[in-house]
Amino acid sequence: MRTVVVTGSASGIGHATKELLEQRGDRVIGVDLHDAEVTVDLTTPEGRTDLVERVRELSGGTIDAVIANAGLAHESPATIAVNFFGAVATLEGLRPLLLGSAAPHASLTSSMASLMPNDSELVELALSGDEAGALRRCGELIEAGQGALIYGSSKNALSRWMRRVAATPEWAGAGIPLNGVGPGIVVTPMTQDMIATEEARAALSEQVPMPLHGFMGPEVVARLHAWLISDENTHVCGQIVFIDGGSDVVIRGDSTW
(Lines give C-alpha, C1' and ligand atoms only; values in the text may rest on other atoms or scores of the structure.)
Protein backbone atom coordinates (compact mmCIF):
# COMPACT_ATOMS: atom_id res chain seq x y z
CA MET A 1 0.00 0.00 0.00
CA ARG A 2 1.33 3.41 -0.97
CA THR A 3 1.14 6.43 1.35
CA VAL A 4 0.21 9.68 -0.38
CA VAL A 5 -0.03 13.19 1.09
CA VAL A 6 -2.71 15.44 -0.44
CA THR A 7 -3.03 19.06 0.67
CA GLY A 8 -6.34 20.85 0.35
CA SER A 9 -8.02 17.49 0.88
CA ALA A 10 -11.24 18.71 2.51
CA SER A 11 -12.87 20.02 -0.68
CA GLY A 12 -12.64 20.42 -4.43
CA ILE A 13 -9.79 18.83 -6.35
CA GLY A 14 -8.03 17.69 -3.18
CA HIS A 15 -11.09 15.88 -1.84
CA ALA A 16 -11.77 14.22 -5.18
CA THR A 17 -8.13 13.13 -5.42
CA LYS A 18 -8.13 11.72 -1.91
CA GLU A 19 -11.29 9.72 -2.60
CA LEU A 20 -9.95 8.38 -5.91
CA LEU A 21 -6.62 7.29 -4.45
CA GLU A 22 -8.29 5.59 -1.49
CA GLN A 23 -10.62 3.76 -3.85
CA ARG A 24 -7.52 2.50 -5.66
CA GLY A 25 -6.01 1.18 -2.44
CA ASP A 26 -3.65 3.96 -1.36
CA ARG A 27 -3.42 5.32 2.14
CA VAL A 28 -3.96 9.08 1.97
CA ILE A 29 -2.85 11.59 4.59
CA GLY A 30 -5.10 14.58 3.97
CA VAL A 31 -4.01 18.08 4.90
CA ASP A 32 -6.36 21.05 5.30
CA LEU A 33 -7.66 23.66 7.72
CA HIS A 34 -10.35 21.22 8.89
CA ASP A 35 -11.69 17.70 8.31
CA ALA A 36 -8.26 16.23 7.59
CA GLU A 37 -5.70 13.92 9.13
CA VAL A 38 -3.40 16.91 9.44
CA THR A 39 -5.01 20.28 10.22
CA VAL A 40 -2.64 23.18 9.63
CA ASP A 41 -2.67 26.68 8.16
CA LEU A 42 -0.29 26.79 5.19
CA THR A 43 -0.30 30.58 5.13
CA THR A 44 2.03 30.49 8.13
CA PRO A 45 5.60 29.22 8.64
CA GLU A 46 4.41 27.44 11.78
CA GLY A 47 1.71 25.60 9.85
CA ARG A 48 4.18 24.49 7.21
CA THR A 49 6.58 23.17 9.85
CA ASP A 50 3.76 21.38 11.65
CA LEU A 51 2.70 19.78 8.35
CA VAL A 52 6.08 18.11 7.93
CA GLU A 53 6.27 16.95 11.53
CA ARG A 54 2.74 15.55 11.58
CA VAL A 55 3.21 13.73 8.28
CA ARG A 56 6.48 12.27 9.56
CA GLU A 57 4.70 10.98 12.66
CA LEU A 58 1.70 9.56 10.79
CA SER A 59 3.74 7.95 8.02
CA GLY A 60 6.54 6.54 10.11
CA GLY A 61 9.05 8.61 8.15
CA THR A 62 8.42 7.42 4.60
CA ILE A 63 5.82 8.49 2.03
CA ASP A 64 5.43 7.52 -1.61
CA ALA A 65 3.91 10.64 -3.13
CA VAL A 66 2.94 14.24 -2.45
CA ILE A 67 0.23 16.23 -4.20
CA ALA A 68 0.60 19.92 -3.28
CA ASN A 69 -2.90 21.00 -4.17
CA ALA A 70 -4.04 23.47 -1.48
CA GLY A 71 -4.89 26.85 -2.93
CA LEU A 72 -6.95 30.03 -2.74
CA ALA A 73 -8.34 32.36 -5.38
CA HIS A 74 -9.00 35.41 -3.19
CA GLU A 75 -7.76 38.93 -3.91
CA SER A 76 -5.71 38.67 -0.75
CA PRO A 77 -2.08 38.22 0.37
CA ALA A 78 -3.17 34.80 1.69
CA THR A 79 -3.42 33.62 -1.91
CA ILE A 80 0.31 34.01 -2.61
CA ALA A 81 1.07 32.66 0.87
CA VAL A 82 -0.77 29.38 0.23
CA ASN A 83 -0.51 28.98 -3.54
CA PHE A 84 3.22 29.60 -3.77
CA PHE A 85 4.98 29.64 -0.42
CA GLY A 86 2.77 26.95 1.13
CA ALA A 87 3.09 24.68 -1.89
CA VAL A 88 6.86 25.07 -2.12
CA ALA A 89 7.27 24.48 1.62
CA THR A 90 5.11 21.36 1.33
CA LEU A 91 7.18 19.90 -1.49
CA GLU A 92 10.56 20.87 -0.10
CA GLY A 93 9.65 19.87 3.45
CA LEU A 94 8.28 16.45 2.50
CA ARG A 95 10.91 15.63 -0.14
CA PRO A 96 13.20 13.90 2.40
CA LEU A 97 10.33 11.57 3.33
CA LEU A 98 10.02 10.54 -0.33
CA LEU A 99 13.59 9.27 -0.45
CA GLY A 100 12.67 6.07 1.39
CA SER A 101 10.12 5.09 -1.27
CA ALA A 102 10.90 2.63 -4.04
CA ALA A 103 8.95 4.80 -6.50
CA PRO A 104 8.53 8.36 -5.19
CA HIS A 105 6.45 10.95 -7.05
CA ALA A 106 5.27 14.53 -6.59
CA SER A 107 2.66 16.68 -8.27
CA LEU A 108 1.25 20.16 -7.74
CA THR A 109 -1.82 22.08 -8.79
CA SER A 110 -1.10 25.12 -10.93
CA SER A 111 -3.73 26.62 -13.25
CA MET A 112 -4.32 27.80 -16.79
CA ALA A 113 -4.41 31.21 -15.06
CA SER A 114 -0.61 30.94 -15.09
CA LEU A 115 -0.92 31.90 -18.77
CA MET A 116 -2.96 35.01 -17.99
CA PRO A 117 -1.61 38.53 -17.27
CA ASN A 118 0.37 38.65 -14.06
CA ASP A 119 2.38 41.08 -11.96
CA SER A 120 6.03 40.48 -12.79
CA GLU A 121 7.20 42.10 -9.57
CA LEU A 122 5.10 39.75 -7.47
CA VAL A 123 6.26 36.74 -9.47
CA GLU A 124 9.91 37.65 -9.03
CA LEU A 125 9.52 38.34 -5.30
CA ALA A 126 7.99 34.89 -4.89
CA LEU A 127 10.69 33.16 -6.91
CA SER A 128 13.39 34.91 -4.90
CA GLY A 129 11.84 33.56 -1.70
CA ASP A 130 10.95 37.01 -0.35
CA GLU A 131 7.62 36.23 1.30
CA ALA A 132 7.44 39.50 3.23
CA GLY A 133 8.02 41.41 0.00
CA ALA A 134 5.46 39.32 -1.86
CA LEU A 135 2.82 39.94 0.82
CA ARG A 136 3.58 43.65 0.72
CA ARG A 137 3.26 43.68 -3.07
CA CYS A 138 -0.13 41.96 -2.83
CA GLY A 139 -1.29 44.79 -0.59
CA GLU A 140 -0.10 47.33 -3.14
CA LEU A 141 -1.93 45.55 -5.95
CA ILE A 142 -5.15 45.42 -3.96
CA GLU A 143 -4.88 49.10 -3.09
CA ALA A 144 -4.36 49.90 -6.78
CA GLY A 145 -7.42 47.91 -7.79
CA GLN A 146 -5.29 45.16 -9.36
CA GLY A 147 -5.87 42.41 -6.84
CA ALA A 148 -7.14 40.12 -9.59
CA LEU A 149 -3.52 39.71 -10.71
CA ILE A 150 -2.53 37.92 -7.49
CA TYR A 151 -3.97 34.50 -8.33
CA GLY A 152 -2.45 34.23 -11.80
CA SER A 153 0.86 35.54 -10.48
CA SER A 154 0.92 32.92 -7.74
CA LYS A 155 0.33 30.11 -10.23
CA ASN A 156 2.84 31.52 -12.74
CA ALA A 157 5.48 31.65 -10.01
CA LEU A 158 4.68 28.12 -8.85
CA SER A 159 4.91 26.71 -12.37
CA ARG A 160 8.23 28.44 -12.93
CA TRP A 161 9.61 27.21 -9.61
CA MET A 162 8.67 23.67 -10.55
CA ARG A 163 10.38 24.00 -13.92
CA ARG A 164 13.54 25.28 -12.22
CA VAL A 165 13.88 22.47 -9.71
CA ALA A 166 12.36 19.39 -11.41
CA ALA A 167 15.52 18.34 -13.25
CA THR A 168 17.92 19.04 -10.35
CA PRO A 169 19.81 16.39 -8.36
CA GLU A 170 17.35 16.85 -5.47
CA TRP A 171 14.37 15.80 -7.59
CA ALA A 172 15.09 14.06 -10.90
CA GLY A 173 18.52 13.04 -9.68
CA ALA A 174 16.90 11.37 -6.68
CA GLY A 175 14.45 9.53 -8.93
CA ILE A 176 11.46 11.74 -8.06
CA PRO A 177 9.28 12.88 -10.99
CA LEU A 178 7.99 16.36 -10.14
CA ASN A 179 5.17 17.68 -12.32
CA GLY A 180 1.94 19.62 -12.10
CA VAL A 181 -1.52 20.07 -13.54
CA GLY A 182 -2.96 23.24 -15.05
CA PRO A 183 -6.75 23.04 -14.76
CA GLY A 184 -9.23 25.26 -16.53
CA ILE A 185 -12.50 26.06 -14.75
CA VAL A 186 -13.32 23.36 -12.21
CA VAL A 187 -16.70 23.36 -10.49
CA THR A 188 -15.70 23.51 -6.81
CA PRO A 189 -16.55 25.64 -3.77
CA MET A 190 -13.65 27.91 -4.78
CA THR A 191 -15.33 28.80 -8.10
CA GLN A 192 -19.00 28.69 -7.11
CA ASP A 193 -19.35 32.48 -6.88
CA MET A 194 -17.75 32.89 -10.31
CA ILE A 195 -20.37 30.67 -11.95
CA ALA A 196 -23.40 31.42 -9.80
CA THR A 197 -25.45 32.90 -12.67
CA GLU A 198 -25.77 32.28 -16.40
CA GLU A 199 -24.30 35.72 -17.04
CA ALA A 200 -21.31 34.95 -14.83
CA ARG A 201 -20.77 31.58 -16.52
CA ALA A 202 -20.90 33.20 -19.95
CA ALA A 203 -18.42 35.90 -18.96
CA LEU A 204 -16.02 33.34 -17.49
CA SER A 205 -16.35 31.14 -20.58
CA GLU A 206 -15.36 34.13 -22.67
CA GLN A 207 -12.24 34.64 -20.55
CA VAL A 208 -11.44 30.93 -20.21
CA PRO A 209 -12.67 29.21 -23.38
CA MET A 210 -13.06 25.44 -22.93
CA PRO A 211 -14.34 24.08 -26.26
CA LEU A 212 -13.86 20.44 -25.19
CA HIS A 213 -16.80 19.61 -22.87
CA GLY A 214 -16.74 22.98 -21.05
CA PHE A 215 -16.38 23.33 -17.29
CA MET A 216 -15.40 20.15 -15.45
CA GLY A 217 -15.79 18.46 -12.10
CA PRO A 218 -12.85 18.00 -9.70
CA GLU A 219 -12.72 14.25 -10.40
CA VAL A 220 -11.37 15.03 -13.89
CA VAL A 221 -8.29 16.72 -12.45
CA ALA A 222 -7.99 14.05 -9.76
CA ARG A 223 -7.51 11.38 -12.40
CA LEU A 224 -4.58 13.29 -13.92
CA HIS A 225 -2.93 13.81 -10.54
CA ALA A 226 -3.38 10.10 -9.88
CA TRP A 227 -1.55 9.20 -13.09
CA LEU A 228 1.27 11.68 -12.52
CA ILE A 229 2.04 10.06 -9.15
CA SER A 230 1.51 6.50 -10.38
CA ASP A 231 4.19 3.91 -11.03
CA GLU A 232 3.33 4.23 -14.74
CA ASN A 233 4.91 7.68 -14.78
CA THR A 234 8.63 7.07 -15.01
CA HIS A 235 9.85 9.88 -17.29
CA VAL A 236 7.50 12.88 -17.28
CA CYS A 237 9.62 15.57 -15.63
CA GLY A 238 8.98 19.25 -14.97
CA GLN A 239 5.76 19.49 -16.96
CA ILE A 240 2.59 21.42 -16.30
CA VAL A 241 -0.06 19.31 -18.01
CA PHE A 242 -2.91 21.61 -18.97
CA ILE A 243 -6.26 19.94 -18.38
CA ASP A 244 -8.38 22.84 -19.52
CA GLY A 245 -10.78 21.77 -22.24
CA GLY A 246 -8.61 23.53 -24.80
CA SER A 247 -8.02 26.93 -23.16
CA ASP A 248 -4.27 26.75 -23.65
CA VAL A 249 -4.73 25.94 -27.34
CA VAL A 250 -7.23 28.74 -27.90
CA ILE A 251 -5.18 31.32 -26.01
CA ARG A 252 -1.68 30.42 -27.23
CA GLY A 253 -2.45 28.91 -30.64
CA ASP A 254 0.29 26.74 -32.11
CA SER A 255 3.03 28.11 -29.86
CA THR A 256 4.90 25.29 -28.16
CA TRP A 257 6.50 27.59 -25.61
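Heavy-atom basis, side chains included; hydrogens, waters and symmetry copies ignored. Source: prediction; values computed, not measured.
Nearest approach of Ala172 to Cys237, heavy atoms of both residues: CB-SG, 4.2 Å.
In terms of hydrophobic clustering, with Ile, Leu, Val, Met, Phe, Trp and Tyr side chains grouped at heavy-atom distances under 4.5 Å, Met116 and Val250 are assigned to different clusters. Under the 4.5 Å side-chain contact rule for hydrophobic residues, Val249 and Leu224 do not share a cluster. No path of Ile, Leu, Val, Met, Phe, Trp and Tyr side chains, each step under 4.5 Å between heavy atoms, connects Met210 with Leu212, placing them in separate hydrophobic clusters. Linking ILVMFWY residues whenever their side-chain heavy atoms come closer than 4.5 Å, directly or via other members, places Leu115 and Val123 in the same cluster. One hydrophobic cluster holds both Val5 and Leu42 under the rule that ILVMFWY side chains link at heavy-atom gaps under 4.5 Å.
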Worksheet entry | side-chain contact (heavy atoms from CB on, under 4.5 Å) between Phe84 and Leu127, intermediate numbers included | CA-CA 9 Å; Phe84 181 81; Leu127 287 169; 4.3 Å; yes
Discussion item. Using side-chain contact (heavy atoms from CB on, under 4.5 Å), reason through Leu149 and Leu122 one step at a time and then give a plain yes or no.
Written reply: CA-CA 9 Å; Leu149 292 174; Leu122 178 56; over 6 Å; no
Fill in: Verdict with reasoning, Glu22 to Lys18, per salt bridge (charged side-chain N to carboxylate O under 4.0 Å, His left out)
CA-CA 6 Å; Glu22 288 176 337; Lys18 185 176 191 291; 2.7 Å; yes
Fill in: Candidate pair Met162 and Ile240, rule side-chain contact (heavy atoms from CB on, under 4.5 Å), full reasoning
CA-CA 9 Å; Met162 187 270 294; Ile240 295 293; 3.3 Å; yes
Discussion item. side-chain contact (heavy atoms from CB on, under 4.5 Å), that's the test. Do Val186 and Val221 meet it? Break it down for me.
Written reply: CA-CA 8 Å; Val186 184; Val221 185; 3.9 Å; yes
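For Glu143, the side chain to side chain donor-acceptor pair (under 3.5 Å) criterion is met by no residue, not counting sequence neighbours. The side chain to side chain donor-acceptor pair (under 3.5 Å) check on Arg54 picks up Glu57, with sequence neighbours excluded. Taking the side chain to side chain donor-acceptor pair (under 3.5 Å) definition, one finds that Ser154 meets it with Asn83, sequence neighbours left out.
To the nearest 0.5 Å, the span separating CG on Asp26 from OG1 on Thr17 amounts to 11.5 Å. Atoms CH2 and CG, on Trp171 and Leu98 in that order, are 6.0 Å from each other to the nearest 0.5 Å.
Counting only residues at least two apart or on different chains, the salt bridge (charged side-chain N to carboxylate O under 4.0 Å, His left out) pairs with a member in residues 156-165 are Glu124-Arg160. The salt bridge (charged side-chain N to carboxylate O under 4.0 Å, His left out) pairs that include a residue from residues 104-123 are Asp119-Arg137, Glu121-Arg137, where partners are two or more places apart or lie in different chains.
Residues Ile63 and Leu94 form a side-chain contact, since some pair of their non-hydrogen atoms from C-beta on lies under 4.5 Å apart. Side-chain contact between Val236 and Gln239 is present, with heavy atoms from C-beta onward closer than 4.5 Å. Residues Ile142 and Pro77 are in side-chain contact: their nearest non-hydrogen atoms beyond the backbone lie under 4.5 Å apart. Within the 4.5 Å cutoff, the side chain of Arg48 has heavy atoms near those of the Phe85 side chain. Using a 4.5 Å heavy-atom threshold, the side chains of Leu33 and Asp41 count as touching. Using a 4.5 Å heavy-atom threshold, the side chains of Thr3 and Ile29 count as touching. Proximity of Val66 to Val4: side-chain heavy atoms (C-beta onward) are nowhere separated by under 4.5 Å. Leu21 places a side-chain heavy atom less than 4.5 Å from the side chain of Arg2.
Paired with Met112 under the rule side-chain contact (heavy atoms from CB on, under 4.5 Å), one option of Ile243, Ile185, Val181, Asp244 passes, and it is Asp244.
Inspection of the Asn118 and Ser153 side chains reveals no N or O donor paired with an N or O acceptor under 3.5 Å. Between the side chains of Ser107 and His225, a donor-acceptor pair is found at a separation under 3.5 Å.
Taking a 4.5 Å side-chain heavy-atom cut-off between Ile, Leu, Val, Met, Phe, Trp and Tyr, the cluster of Leu72 extends to Val82.
The environment of His34 atom NE2 is dense: over 12 non-hydrogen atoms of other residues, nucleotides or ligands sit within 6.0 angstrom.
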